[in-house]
Amino acid sequence: MSHRRHSSPPTPILKLFSVYLSSDGMSVDYKAMSQSKEFALYERLSAQLQRVDLSKLSRDEKVAFFINVYNAMVIHATIKKGPPTWLWARYKFFYQTFYIISGELYSLQDIENGILRGNKKGVGMLRVPFQADDPRKEIALQQAEPLIHFALNCGAKSCPPIKTFSAIGLKDQLETAAYSF
């Protein structure tokens with residue numbers, strides 16, 4: 001597969017997001033977005049993630065791919081479930097929202113702490129996301145990417161703005177995101 005195919009599946013929802021983003025960038029019309037033809041297309045496209053071969057991705061391809069998927073999944077889950085409004089709902093949102101990618105389930109929690117933070121425990125976690133026998137552990141970064149916090153958007157107003165990342169020039173993109181935040 002070419003690099004472009006690795007980072008492009010979530011891009012349609014990120015483009016769709018920008019269409020329904022208010023001019024001041026402070027709110028999104030999720031209801032109108034959920035009723036659009038483009039969102040229906042996105043839902044069909046997101047099912048194709050199960051066919052992606054993650055084993056061949058370089059480190060930068062993994063980082064860009066999973067940042068884009070994470071941000072797209074947050075938007076998708078917000079449309080389908082609504083934004084989490086209390087602590088337990090927030091916990092469920094991050095642990096029970098998932099896509100099937102390369103034949104495995106990946107939750108928002110798995111992507112952030114399992115893949116992008118190098119299989120490290122997150123806040124309130126009692127153990128690492130991927131145990132020794134979990135095949136997803138092979139996909140996790142060997143070393144955590146510290147700049148992901150300037151790229152991941154969990155849906156809170158205090159999060160960095162959503163943008164699409166590419167493996168080409170990723171370090172510069174992440175540094176720009178950090179500087180801009």
Side-chain angles (χ1 to χ4, degrees), residues 7 9-10 13-14 17 21 25-28 30 33-34 43 46 49-50 52 54-55 57 59-165 170-171 173-181:
S7 61
I13 201 163
L14 299 180
F17 178 82
L21 184 65
M26 299 302 288
S27 64
V28 178
Y30 287 111
M33 188 188 305
S34 72
E43 288 193 295
S46 67
L49 290 170
Q50 61 191 318
V52 173
L54 298 173
S55 68
L57 298 182
R59 182 185 191 281
D60 284 356
E61 287 173 329
K62 283 182 195 177
V63 172
F65 176 82
F66 278 106
I67 288 172
N68 292 337
V69 168
Y70 180 97
N71 289 339
M73 198 183 330
V74 167
I75 295 167
H76 192 174
T78 301
I79 290 170
K80 289 301 201 178
K81 300 176 180 185
T85 55
W86 53 290
L87 186 60
W88 182 244
R90 193 156 184 74
Y91 175 86
K92 287 173 49 177
F93 187 86
F94 288 97
Y95 281 85
Q96 296 178 1
T97 296
F98 60 86
Y99 281 159
I100 300 171
I101 306 171
S102 195
E104 300 288 340
L105 292 178
Y106 286 88
S107 69
L108 292 165
Q109 164 64 28
D110 294 333
I111 292 172
E112 181 176 356
N113 293 302
I115 301 297
L116 297 171
R117 291 191 61 239
N119 203 35
K120 303 286 188 257
K121 290 191 290 185
V123 174
M125 293 178 70
L126 301 176
R127 59 188 182 133
V128 296
F130 307 142
Q131 302 306 301
D133 61 341
D134 191 326
R136 298 171 301 169
K137 187 176 179 186
E138 296 300 315
I139 304 302
L141 299 180
Q142 296 299 312
Q143 291 191 358
E145 174 50 66
L147 295 175
I148 62 164
H149 302 289
F150 301 104
L152 297 179
N153 184 303
C154 71
K157 290 183 190 254
S158 60
C159 284
I162 293 177
K163 65 175 288 218
T164 301
F165 290 85
L170 180 65
K171 184 175 192 261
Q173 294 169 58
L174 291 172
E175 288 175 350
T176 298
Y179 181 77
S180 299
F181 190 69

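The first residue in the sequence is number 1, and the count goes up from there.
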Expected output: side-chain [X] to main-chain [Y] donor-acceptor under 3.5 Å:
| X | Y | answer |
| --- | --- | --- |
| Ser102 | Val52 | yes |
| Gln131 | Asp133 | no |
| Arg117 | Ile148 | no |
| Asn153 | Pro160 | yes |

Taking distance alone, no hydrogens or angles, what donor-acceptor pairs closer than 3.5 Å link side-chain atoms of residues 134-141 to residues at least two apart or in another chain?
| residue | atom | partner | partner atom | Å |
| --- | --- | --- | --- | --- |
| Asp134 | OD1 | Arg136 | N | 2.9 |
| Asp134 | OD1 | Arg136 | NE | 3.1 |
| Asp134 | OD2 | Arg136 | NE | 3.2 |
| Asp134 | OD2 | Arg136 | NH2 | 2.7 |
| Arg136 | NH1 | Leu105 | O | 2.6 |
| Arg136 | NH1 | Asp110 | OD2 | 2.7 |

Could you state the interatomic distance from [atom1] ([X]) to [atom2] ([Y]), rounded to the nearest 0.5 Å?
| X | Y | atom1 | atom2 | answer |
| --- | --- | --- | --- | --- |
| Leu147 | Gln173 | CG | CD | 11.5 Å |
| Glu104 | Leu54 | CD | CG | 9.5 Å |
| Lys62 | Gln142 | NZ | CD | 7.0 Å |
| Tyr70 | Ser107 | OH | OG | 9.5 Å |
| Cys154 | Phe94 | SG | CZ | 4.5 Å |

Could you check if a side-chain atom of Ile100 sits within less than 4.5 angstrom of a side-chain atom of Leu49, using non-hydrogen atoms only?
->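 Not touching, per the 4.5 Å side-chain cut-off.
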Yes or no on side chain to side chain contact (heavy atoms under 4.5 Å, CB included) for Ile115 and Phe65, after CA distance, side-chain angles and deciding distance?
-> CA-CA 11 Å; Ile115 301 297; Phe65 176 82; over 6 Å; no
After noting the C-alpha distance and the side-chain angles of Val63 and Phe165, does the key distance pass the side chain to side chain contact (heavy atoms under 4.5 Å, CB included) rule?
-> CA-CA 9 Å; Val63 172; Phe165 290 85; over 6 Å; no
Using every non-hydrogen atom in the two residues, find where [X] and [Y] come nearest and quote the distance to one decimal.
| X | Y | answer |
| --- | --- | --- |
| Ala144 | Arg59 | O-NH2, 3.7 Å |
| Lys163 | Asn71 | O-ND2, 4.2 Å |
| Thr97 | Ala77 | CG2-CB, 3.4 Å |
| Asn119 | Val128 | O-CG1, 3.3 Å |

Take Ile111 and Met73 through the side chain to side chain contact (heavy atoms under 4.5 Å, CB included) test and state the conclusion after the steps.
-> CA-CA 10 Å; Ile111 292 172; Met73 198 183 330; 3.3 Å; yes
Gln109: what forms a side-chain hydrogen bond (donor to acceptor under 3.5 Å, both in side chains) with it, not counting sequence neighbours?
->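 So Gln109 forms a side-chain hydrogen bond (donor to acceptor under 3.5 Å, both in side chains) with Asn113.
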Using a cut-off of 6.0 Å, state whether more than 12 heavy atoms not belonging to Phe130 lie near its atom CZ.
->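 For Phe130, atom CZ is crowded (more than 12 foreign heavy atoms under 6.0 Å).
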Report the residues that fulfil side-chain contact (heavy atoms from CB on, under 4.5 Å) with Gln96, sequence neighbours left out, ordered by chain and then residue number.
->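 Checked Gln96 against side-chain contact (heavy atoms from CB on, under 4.5 Å); matches are Lys92.
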Could you tell me which residues satisfy side-chain contact (heavy atoms from CB on, under 4.5 Å) with Val28, sequence neighbours excluded, listed by chain and number?
->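 In terms of side-chain contact (heavy atoms from CB on, under 4.5 Å), with neighbours along the sequence ignored, Val28 is linked to Phe17, Tyr20, Leu21, Tyr30, Met33.
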Test side chain to side chain contact (heavy atoms under 4.5 Å, CB included) applied to Ile75 and Ile162, step by step | CA-CA 10 Å; Ile75 295 167; Ile162 293 177; 3.8 Å; yes
With sequence neighbours excluded, residues passing ring-ring contact (aromatic ring centres under 6.0 Å, His included) with Tyr99 =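 Partners of Tyr99 by the ring-ring contact (aromatic ring centres under 6.0 Å, His included) criterion, ordered by chain and then number, come out as His76.
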Which donor-acceptor pairs under 3.5 Å do side chains of residues 174-181 form with protein atoms, sequence neighbours excluded?
| residue | atom | partner | partner atom | Å |
| --- | --- | --- | --- | --- |
| Glu175 | OE2 | Lys171 | NZ | 3.0 |
| Thr176 | OG1 | Asp172 | O | 2.9 |
| Ser180 | OG | Thr176 | O | 2.9 |

Take the angle between the ring planes of Phe66 and Tyr106 and call it parallel below 30°, perpendicular above 60°, tilted in between.
->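 If you compare the ring of Phe66 with that of Tyr106, the planes turn out tilted.
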